[in-house]
**Q** 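What follows is a structure written as structure tokens; I'll ask about it next.
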There are 2 protein chains.
Amino acid sequence: MKQEQQVKHEIRPWSLVEKSFQPGEYCLNATLFSLGNGYIGLRGAFEEGYDPEPFSDGCYLNGVYASEPISYGESAYGYARNNQRMLTVPDGKSIHIWIDGERFSIAEGELINYERHLDMSAGITQRKLTWRSPHGKTIELIVQRIVSLSEKHLFVLKLEITPLDFDGEVRLQSCLDGDLAQADRSDDPRLASPIDQGDIEWLENTADGDYLALPLSVKSSSFYVSSAALHHCESNVEYSSANLHSEDCVSTEYRFDARRNTPIRLTKYVAYFAEQNAAPIEASQLRSYLQRCASRSYTEHAESQRVEMQKFWEESDIQVDGNDALQQGIRFNLFHLFQSLGRDGRTNIAAKGLSGDGYDGHYFWDTEIYVLPFFLYTQPQLARGLLEYRHSILDAARSRARELAIHKGALFPWRTIGGEECSAYYPAGTAQYHINADIAYAVRHYSRVTGDTEFLRDKGAEVVIEGARMWMEIGHFNPRRNNQFCINEVTGPDEYTALVDNNFYTNLMARAHLEYAAEVFQWLQSFDPEACRILSKRIQLAPEEPASWARAAETMYLPYDQSLGIHPQDDGFLDKPVWGFAETPEEKYPLLLHYHPLVIYRHQVCKQADVVLGLLLQSSEFSAAQKRRDFDFYEPLTTHDSTLSACIHSIIASEVGYPDKALRYFQQVARMDLDNHHNNTQHGIHTACMGGTWMCMVQGFAGMRLHGNELNFNPYVPEGMDGYRFRLQFRGRTLALDIDRSKASYTLVSGEPISLHHGEHVVLLSTPGQGQTFQMALMEEVS
Amino acid sequence: MKQEQQVKHEIRPWSLVEKSFQPGEYCLNATLFSLGNGYIGLRGAFEEGYDPEPFSDGCYLNGVYASEPISYGESAYGYARNNQRMLTVPDGKSIHIWIDGERFSIAEGELINYERHLDMSAGITQRKLTWRSPHGKTIELIVQRIVSLSEKHLFVLKLEITPLDFDGEVRLQSCLDGDLAQADRSDDPRLASPIDQGDIEWLENTADGDYLALPLSVKSSSFYVSSAALHHCESNVEYSSANLHSEDCVSTEYRFDARRNTPIRLTKYVAYFAEQNAAPIEASQLRSYLQRCASRSYTEHAESQRVEMQKFWEESDIQVDGNDALQQGIRFNLFHLFQSLGRDGRTNIAAKGLSGDGYDGHYFWDTEIYVLPFFLYTQPQLARGLLEYRHSILDAARSRARELAIHKGALFPWRTIGGEECSAYYPAGTAQYHINADIAYAVRHYSRVTGDTEFLRDKGAEVVIEGARMWMEIGHFNPRRNNQFCINEVTGPDEYTALVDNNFYTNLMARAHLEYAAEVFQWLQSFDPEACRILSKRIQLAPEEPASWARAAETMYLPYDQSLGIHPQDDGFLDKPVWGFAETPEEKYPLLLHYHPLVIYRHQVCKQADVVLGLLLQSSEFSAAQKRRDFDFYEPLTTHDSTLSACIHSIIASEVGYPDKALRYFQQVARMDLDNHHNNTQHGIHTACMGGTWMCMVQGFAGMRLHGNELNFNPYVPEGMDGYRFRLQFRGRTLALDIDRSKASYTLVSGEPISLHHGEHVVLLSTPGQGQTFQMALMEEVS
């Protein structure tokens, strides 16, 4: 576990406040203060620009990308052909400001006051500052932003500028700026690749008074992206306006005869629409959309925003007593998840959300394993969208399987936006076949938690079954191991080990997947025989296949070492020497940035939870003692160089009786981005870790496990807090849990009666509004 | 084993003849008719050009390359940074021909006669043809080429053109042409990468009457390359000449008032010089060099060439009775080895020699394991140069080791020209650590065969010791395996399996390497204590290191499977399913062009000899019965998709009693390029396979093994031939062997008395010129 880092912002339970401007943290704060609505993502870069930092101007649309050929020094058959890179769309927040001819920039002049505020209860950021120009003219500036949660295509920005000690000209040049340049690629595989400017075709733009439109098309991916802006000026002083435009930038320039202490207000409504392989929105439609949006004032939009956020918090908040630092971290993380999540069934949630273009904006297994649980138990309709997305890319996954010589079924891409495999390093990409099982796990999880048979019939079954067929081709019944089903040459979750045989996690999850596929097929046959017949025909399912899945599941080989009493991560893991942790200085972490893969791979060292993750996801398969032995073995070998690791370790630490460890891991998880623990939040937030935050609280401290269709809890309150409470959605019911040091209370807020388990006790909740309370036994740390 | 392919050229023991022009085989023949002298390589492309085929114009200088950054879709720490790509230097053979204004090209008009001839006894190619132009004018053209074996920097070309049915203008435009374009890169990792034209700086050129000079510098690699040409015109008709030049091309154009049946003769002397990080040859020096060369006629040069070739054949030929097809193949292969080999201790022999730019002209382990034995036993001074080259790149190998977190010693590059690791795919590149052991093996082999203690003291010891230290860091004493020394995460010779633990070949060769390193250190201590002290100090050798090498060697883990009685290729090999050979159609070979590495790697399938190669190189470690069991196991799993495979299988087949198999493999090996068995000879010859040809004859059929310092033979004559004879150099002696169906004769041609082994018999050769003859027992094929 890394050292605690300094808290960078004031501790406040509902907000994030930047009290003074730190030039070195401009990019970090551009991430932290980013806003999104699951479609539009807007980094917290300044409207007026900030010169020294190029990497900050991102505005993104979920699912919208450029495609670029992947270049290999040495290529080979079946390598992923193209990278899909999340597009930076024209910058709609850009407003350049001149004060009597002096360009306003925080990099110049004197900053007298500065405060930026993210209000998580309202979904709004506000920046307020007092600045004196090099020539001594002082202004107050207030900018507020909303990326609308009720209008997918809209963000609204309100700028108010007040001369404090002069009368003179204030000039605002408000742009749609298409200069889409990004930072250069480095050796760090986690950063985004640069965009080829030649790939963008600028279409006919408009700069007509208060209205701007800058459409473009992306040649490589056949996207049309329409951006437009409409301004509303509110001023007690005289002003004029003029338009400017070039090929890739349109703007309206306002000149005000500004007067001391008289505020000038400009509201900018910005809209984005995108279509792939289809006609773009018509210019007139776009304009009238914005006119309709602009018929409501900023204040009205802000009020809608607050209502949306309140709905969200009501269902999704986790309240923590006695620890505002954790409270702030939890809310920040849940807030960003909500901002990042694609909601339309054709988009997903990127590793960095919509807050930065690290990992090129790709979707990974992070979705199913780390992010989905939060939504599943709080906003199940949003969780469904994530799984519908997987169904939408099934054809691409089938094609990919064929490229890998898999004749039946589908292989989901390790990383993608539109469905095509984008991993340019297959040993830690395509070789992570467990993605198929992770998705199936999520479908099963979703189905159990929601009881949504319609989804399972129409989409889920196909995703599960097509994915399961892949295992039958990459695995085999090994005569040397008693005909157990073995899976060779795979990479598990731990990316510090690659291309191994019988990765424990992979085999464990494949077993569950194959078992579930057989179960789903049987269920579909009886639930809707016609749907089953149509599906079987479409995917040419042979009658003997489901039985073969069940047989592979039954005989699945899981590595186990008798002498150590633990599950080896793979066939060869225990035979490697342990990494020289004692000789590795702090600055050599993360290892991937300081050691060749060959060096890392030949040691016992884990980037992240692998076996330990399996213990959580298939919790009922293992005894508590087994889990503790595995945890005790792997934890010292794990660097947590991935942000997907600490949360899982926290949860299992909770389960096996290490509450202090659980808390220490959780402290890192909850404030991963707020405190920039991995020193790369400037490239975007870590959505998986944010999802892990919720998991730590609910599955870790509250000890929730779903066994079959039954919820089990085993809650405790770790040292760092006095108690916590949260709500859950479960099969049409709303449940509320309230845990403190002395008791755990379970309440049925709404819905049918239900019975739960609190440790060994059965909790029967029969009447909405009523609950049951249990005395808490204190959890003691082992040794 | 692949099907036999058709013989493409007439069978002649000393030559290669192309009897008619086949457009589709232009590139193939450009390889086969290429000429070289170990420094200059000249593909057999036509002087006048041949339009449809761009990939044919190569002229190369051994060791001269451009450096280009390797582009990775996803990069990581320690990846090879730059590719060194063998440079295509300005084309000096280019002579465009016009007949009364009609451009001569075989692609147009009518080809009445055509014959091309490579005379391997003389080291000369000749092309002779009769051609009628579209307008009906007929010429005879004869072109001869020599790449001089006595003048490293020179090639000479003589062109004779005779109008057969007209008087008119013949125009010859003779160029130094710097258009260095190459074919585009494809998915085939064996092809060359394209050259960046911006990397070439054209220096001030000269076109002065008969003299041309076109110098350039390569920015990326700091090479200066000077090319120059001097013409000698011999004609009984009137002619005039003029010069043309552009930035990257200079030429002299000759206009002849040609007369029917009166030959026009032009001799072109072309010289290349290259320097890296040093001043280029002075212009005046270059010119006088060529003037000196041109003072000798083409015929005089041809005579010198023949003398050089005779010297070569006298020591190096293998004569085969009763099989001209094999005889031709053997000679062709030995001839090309001689043409390809760098002779200056700073260059080596590329995988494709100097006949094409496949594999970018890189040097591999092919040198030490496949090519060196031929030179070692026939031209030992040339073998020494190959090992001196390795010493010359030791500093680069030390740097590379540091990049791989290896603190002491050196890691030789898997592929390189100048010493820097150029492998852009580390699983089948840098992970092939066995390169270090292969080089040490070659040093030991060289030392034993030559008794050259000076080389061992001055260079060999350092190469061996620095290489051995690497094993101590990548391997470890494994407590789970009785503290045997294990080596994880390596790739052996077989590239259809990668990143495995305890590759048999690697461990076996590492054992020999470590043992030898300890032995060499001890030897050096007693042979030259001062040299030992200086070396130890320079490389900071700790006193305990040599003992640790010996201990690692003693305890080296070698995989062995008791139930099968064979050596598994690595820890996981036997647990994989066997490749579906029955379901793989012929056109899906080589597998690497039709299957993703993940598919190949998870099966029991070998690209090439791996365990089987170990059986040859460490022959005395294994019983004949063991060798047969291993051969029987691996042969059916091996596709021989690498040309490094069939020769080794032929040798072991000879040893374990499968003479028919040995012959069948040998037939493919001996005519690999002549018959283009792998369908890629158009990109260059296969030098390793050519070296393997000699090994098949001497180590396979004649059964030669070196045990300690003693030569052992176990000869037989396979069905396809009546007998064979060859000479060997061994510790200052020349030996001659003559084997036929009834007897084997051993003769000491020159040098001190020596005893050898013929099977169980000791052969004592005490008087030069005299020999001993043994009755041969016929070898029977098993089952």
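All figures in this text were calculated on a predicted structure; none of them were measured in a lab. Note: hydrogens, waters and symmetry copies are ignored here, and every other heavy atom, side chains too, is used.
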**Q** Within the distance-only criterion (no hydrogens, no angle test), does the side chain of B:Gln604 pair as donor or acceptor with the backbone N or O of B:Phe573 below 3.5 angstrom?
**A**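 Pair found, side chain donor or acceptor close to backbone of B:Phe573.
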
**Q** Check each atom of B:Asn478 against the heavy atoms of chain A and say whether the ones under 4.5 Å are side chain, backbone, both or neither.
**A** side chain

**Q** Got A:Asp571 and A:Val500 here, is their nearest side-chain heavy-atom distance under 4.5 Å?
**A** no

**Q** Are A:Tyr560 and A:His567 packed together at the side-chain level, in the sense that at least one heavy-atom pair is separated by less than 4.5 angstrom?
**A**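 In contact.
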
**Q** Below 4.5 Å from any heavy atom of chain A, which atoms of B:Ile600 appear? Answer side chain, backbone, both or neither.
**A** neither

**Q** Measure distances from B:Asp561 to the heavy atoms of chain A and classify the residue's part below 4.5 Å as side chain, backbone, both or neither.
**A**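 Only the side chain of B:Asp561 comes within 4.5 Å of chain A.
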
**Q** Looking at A:Lys576, A:Glu473, A:Glu403, A:His476, which has the largest count of heavy-atom pairs under 4.5 Å with chain B?
**A** A:His476

**Q** Using a cut-off of under 4.5 Å on heavy-atom pairs, state which of B:Ser423, B:Ala424, B:Ala498, B:Gly572 scores highest against chain A.
**A** B:Ala424

**Q** Check side chain to side chain donor-acceptor pair (under 3.5 Å) between B:Thr584 and all other residues, then give those that pass, not counting sequence neighbours.
**A** B:Trp579

**Q** Given heavy-atom pairs under 4.5 angstrom as the criterion, report whether the side chain, backbone, both or neither of A:Leu404 touches chain B.
**A**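 When you check distances to chain B, atoms from both the backbone and side chain of A:Leu404 fall under 4.5 Å.
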
**Q** Using only atom types and a distance under 3.5 Å, with no angle test, would you say the side chain of B:Gln84 pairs donor to acceptor with the backbone of B:Cys422?
**A** no

**Q** Could you tell me which portion of A:Asp575 (side chain, backbone, both or neither) has an atom closer than 4.5 angstrom to a non-hydrogen atom of chain B?
**A** both

**Q** Side chain, backbone, both or neither: which part of B:Ile487 has a heavy atom under 4.5 Å from chain A?
**A**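 The answer is neither part of B:Ile487.
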
**Q** Under 4.5 Å, counting heavy-atom pairs only, tell me which of A:Asn488, A:Val490, A:Ile406 racks up the most with chain B.
**A**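 Most heavy-atom pairs within the cutoff with chain B belong to A:Asn488.
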
**Q** Let me know if B:Leu591 has heavy atoms under 4.5 Å from chain A in its side chain, its backbone, both or neither.
**A** neither

**Q** Between B:Ser548 and B:Met472, does a side chain to side chain contact (heavy atoms under 4.5 Å, CB included) hold up when you go through it step by step?
**A** CA-CA 8 Å; B:Ser548 75; B:Met472 300 311 295; 3.8 Å; yes

**Q** Heavy-atom distance under 4.5 Å to chain A: side chain of B:His594, backbone, both or neither?
**A**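 Only the backbone of B:His594 comes within 4.5 Å of chain A.
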
**Q** Which pairs, with at least one residue in residues 596-605 of chain B and sequence neighbours excluded, count as a salt bridge (Lys or Arg N to Asp or Glu O under 4.0 Å)?
**A** none

**Q** Side chain, backbone, both or neither: which part of B:Tyr433 has a heavy atom under 4.5 Å from chain A?
**A**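 Side chain of B:Tyr433 only, per the 4.5 Å heavy-atom cut-off to chain A.
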
**Q** Verify side chain to side chain contact (heavy atoms under 4.5 Å, CB included) between A:Met86 and A:Tyr359, making sure each step is shown before the conclusion.
**A** CA-CA 9 Å; A:Met86 183 166 73; A:Tyr359 293 113; over 6 Å; no

**Q** What residues form a side-chain contact (heavy atoms from CB on, under 4.5 Å) with A:Asp199, not counting sequence neighbours?
**A**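 A:Asp199 satisfies side-chain contact (heavy atoms from CB on, under 4.5 Å) with A:Ala66, A:Asp196, A:Val218, A:Lys219, A:Ser220 only.
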
**Q** Does A:His678 reach the main-chain N or O of A:Asn680 with its side chain, forming a donor-acceptor pair under 3.5 Å?
**A**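 Absent.
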
**Q** For chain B, which candidate among A:Ile70, A:Val599, A:Leu598 shows the most heavy-atom pairs at distances under 4.5 Å?
**A** A:Leu598

**Q** Report yes or no: do B:Asn503 and B:Asp570 form a side-chain donor-acceptor pair below 3.5 Å?
**A**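 B:Asn503 vs B:Asp570: no donor-acceptor pair found between side chains.
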
**Q** May I ask you to list the residues in residues 425-432 of chain B that approach chain A closer than 4.5 angstrom, counting heavy atoms only, ordered by number?
**A**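 So far as heavy atoms go, B:Tyr425, B:Tyr426, B:Thr430, B:Ala431 are the residues that approach chain A to under 4.5 Å.
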
**Q** So how far is it from B:Thr491 OG1 to B:Glu489 CD, rounded to the nearest 0.5 Å?
**A**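 Answer rounded to 0.5 Å: 8.0 Å.
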
